[in-house]
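Below is one structure, written out as structure tokens; the observations come after it.
A, B, ... follow the sequence lines: proteins, then strands. Residue 1 opens every chain. Note that the coordinates shown come from a computational prediction; the quantities given were computed from them, not determined experimentally.
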Amino acid sequence: MPAAVATNKMRLFNSPAKHSTPLRKPIPKWVDKARVSGPSSIQEQARQLPIAKGKDALVREIRANDVTVLLGETGSGKTTQVPQYLLEAGLAESGLIGITQPRKVAAISLATRVSSEQGTFVGGRVGYAVRFDEKAGPDTRIKYMTDGMLTRELLGDPLLSKYAVIVIDEAHERTLRTDLLLANLKRILRKRNGDTRGKGKDKEKRNPLKVVIMSATLDAEKFSQFFYKADNIPSKYITALRARRTTSTPHCARSFQIHVDQPPGDVLIFLPGQEDIESLEKSVDLFARQLPIGQPEVIVVPMFASLPGSQLQRIFAATPRGKRKCILATNIAETSITIPGVRYVIDTGKSKEKRYLAGLTGGGLDTLMTRDITQSSAMQRAGRAGREGPGFCYRLYTEAAFNAMAPSAEPEIMRCSLAQAILQLLCLGQDIQELDLMDTPDVDAISSALRTLFLLGALDSHRELTPLGRAMASFPLEPQHARAVIASKDLACTAEVLDIVSILAASSKLFIDATDKRAEIAEARRALVHRAGDHLTLLNTVRAYRAAGADEDADENKEKVGRSARREWARAHFVNERTLKEAKAIREQLCVSCTRAGIDWKTSCGEREEPVLLSLAHGLAQNAALIAPDGSYKQIMGQSVVKIHPGSSMADRKVPAIIYDELVYTNQIYARGVSSISKSFFATLGAFNRREV
DNA sequence: TGGGGATTT
């Protein structure tokens, strides 16, 4: 460990336990009782969850109120049990029970769990709906889904009339989609449950809706206030369904004393970014080699989102007897990936945070900074220890530092680009400035997004949605990318633009960059690099991947051979196959959207590159810069001087003009996803000419 | 010369 970390004060926190004797701190007795009962049926386990005791009272409250806010920590069983209680109580007779989750994996695994508790198959009484995957049928009463999925349903059914109950889970995370849902639920409650109270007869005809908000942090009362204030929507705030208690004991230790002093169990260390992980990996390896004879061997495993899929197997592989796994992870291990066998968590208290700064002229800017985590994150990180037994969390900061942390993260709506959200709301006939949101974004962020939408042609000068804007909103893409797809129709290069845009819309990066293999990687990828820049390099890569093993695909029996040839190709070129697979699924969805919008997605421009770049430039008109006499690049719209990101194929190249996907400010303002474009292109862009309007 | 993490009929 770096000295700075090793000498910091640490705190010892007791974490949740399921069985066996706790290591240091006694586990509260009632938790013990709930967890120690030995092997039993899955239904029996459900009955023993802490929440089960409050079942009747809970159902009574939900029945009596339109909105119920439920505070309960992860593991209290609320997400799996509450929907079943409501089903049993007959609250799903007039419609579905929908439960939203911020993440796809959670929606799927919860549906699977609850299905088996109900003794049915997934897609029967209990189902789920996430992008690219839906298992729900006519018998489905309980549906787990991503919050994005329900937001999409809103566009087609503004009153969500299929649902009798909507449960918003993990509401404290305040994702953009959760916030948009909360605002719309308030509107729906007014419509479906009536403006005035006490007219019971009418109420039944109106198909009333029940809303349950679940939060894991103390700001739960804010949700209750949100629904009650102004509207007097009957809402109830129920406290503390605690599944675990986190107690703290001051504790100083050198970090690797865990390994020397503590019983077996893997160690999970939370760090801000890839750079920190790679440098600590070296230190830990060095430490491991200097261990006295007889000490167990240490296996160091890095973990961050851009790692290739093959690395993931190392994380989930069981630790051999007599060895100890030490996982160095970013925030990815906080919520999205659960690693079995972790008994000790070391929390540095830091994470990287992306924040969007709206620009008044030249689009926006993302900042990426290392910051202190929130108390909510700290508790989540601690909870990652001891999921299968007693566990411990060593916090590398003082209790005072913990108390100084923000209780929970600022809502996403306050720190992201609003262009896509505003466009979707306009399709619903809603104005973001009139919408009753829990937190209202800055007026600058709204004006900036409106300006972007205007430049893209989605809005006219009266802020009215144009037919082009409506067409853009029909794509599950950011407005800039949707604009590029639409532009590709007239430029006859839709196939190529879809290839590029689907990669840009994928969640992880296409290229894998290990610092220590830079020369090898450059050599392997040389044939893929296009001199016009990153967008056409992406296109080359997608095409080459598709071509690898394509011959075998003709024969059904050899399809497997084709798949393994592609996997091998991706590995050899340091390309993330997971990204390519995700992009393929996105592309298929985009083809459906194209057909609906009257765009022939098969139209290809072959090897011509100009139409592709011009289509992209229609979407990225605001993201353009010209070279200055001193060799730097200056934005066309906006005043920033931007530097081409070192990871770009255009780094160190001097061309007259560039377009880029985004600006990221770390130490300097870097343009990422850069292509060279002829200056004369801008003269042909209507958006560019309208920029002063 | 540098890359926290989710999500979309």
Side-chain angles (χ1 to χ4, degrees), chain A residues 100-107 129-134 145-157 170 173-181 270-278 303-307 329-337 348 350-355 366-373 377 380 409 412 415-416 420-421 423-424 427 473-479 481-482 502 505-515 518 522 576 582 585-586 589-590 592-593 595-597 643-648 650-652 661-662 664-668 670-673:
Chain A
T100 69
Q101 293 293 320
R103 283 164 292 279
K104 298 208 281 187
V105 277
V130 301
R131 193 185 190 185
F132 308 132
D133 193 7
E134 179 162 4
M145 60 212 295
T146 49
D147 49 14
M149 213 62 180
L150 195 59
T151 318
R152 271 288 167 187
E153 279 192 26
L154 210 54
L155 291 180
D157 177 11
E170 311 285 7
E173 289 193 27
R174 300 289 305 277
T175 67
L176 174 64
R177 289 158 298 277
T178 289
D179 274 19
L180 295 177
L181 281 173
F270 282 102
L271 293 146
Q274 182 178 344
E275 197 184 347
D276 313 84
I277 289 172
E278 283 172 349
M303 182 161 105
F304 41 89
S306 59
L307 277 179
T330 60
N331 256 352
I332 194 167
E334 196 176 294
T335 46
S336 20
I337 290 180
T348 58
K350 301 278 180 191
S351 74
K352 282 206 178 180
E353 196 181 288
K354 206 173 189 178
R355 173 177 277 271
D366 283 312
T367 60
L368 191 59
M369 301 284 173
T370 299
R371 301 188 60 182
D372 287 341
I373 59 168
S377 275
Q380 184 69 32
E412 191 184 6
R415 48 190 174 89
C416 72
Q420 194 178 8
L423 184 60
Q424 281 181 1
C427 286
S474 71
F475 288 89
L477 289 173
E478 279 172 38
H481 296 155
S502 57
S507 56
S508 27
K509 271 185 249 127
L510 181 61
F511 296 121
I512 297 157
D513 281 312
T515 321
R518 210 149 45 197
N576 197 338
E582 187 188 348
I586 293 171
Q589 208 175 43
L590 295 178
V592 176
S593 302
T595 305
R596 285 202 192 119
K643 193 165 169 31
I644 297 176
H645 193 278
S648 168
M650 292 294 294
D652 305 321
D661 293 326
E662 58 175 1
V664 181
Y665 176 72
T666 47
N667 297 315
Q668 300 183 69
Y670 289 107
R672 287 208 293 210

Under 4.0 Å between any heavy atoms, over every strand shown, what does [X] touch: base, sugar-phosphate, or nothing? Just pick one.
X        : answer
A/Arg518 : base
A/Arg177 : base
A/Lys104 : sugar-phosphate
A/Gln420 : base
A/Ile332 : sugar-phosphate
A/Thr666 : sugar-phosphate
A/Ser351 : nothing
A/Leu368 : base

**Study point:** Pairing residues for A/His645 by the ring pair (Phe, Tyr, Trp, His ring centres under 6.0 Å) criterion, not counting sequence neighbours
**Key:**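 A/His645 satisfies ring pair (Phe, Tyr, Trp, His ring centres under 6.0 Å) with A/Tyr670 only.
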Revision key, fill the gap. Footprint ends on DNA chain B, 5' to 3', for atoms under 4.0 angstrom from a heavy atom of chain A, come out as B/dT1 to B/dT9
Point to revise | Upstream residue (5' side of DNA chain B) when A/Lys352 and A/Phe475 are each assigned their closest nucleotide | key: A/Lys352
Check your understanding: DNA chain B: A/Arg415 or A/Val130, which has the more 5' nearest nucleotide?
Key -> A/Arg415
Review point. Does some side-chain heavy atom of A/Arg177 sit less than 4.5 Å from a side-chain heavy atom of A/Met149?
Key: no
**Study point:** Option passing side-chain contact (heavy atoms from CB on, under 4.5 Å) with A/Thr146 (candidates A/Thr175, A/Thr151, A/Val130)
**Key:** A/Val130
Practice item. For A/Ser507 and A/Glu582, test the side chains for any donor-to-acceptor distance below 3.5 angstrom and give the result as yes or no. Key: yes
**Study point:** A/Gln380 and A/Thr335: side chain donor to acceptor below 3.5 Å
**Key:** no
Revision key, fill the gap. Sorted by chain and number, sequence neighbours left out, side-chain contact (heavy atoms from CB on, under 4.5 Å) with A/Ala505 holds for A/Leu477, A/Ile586
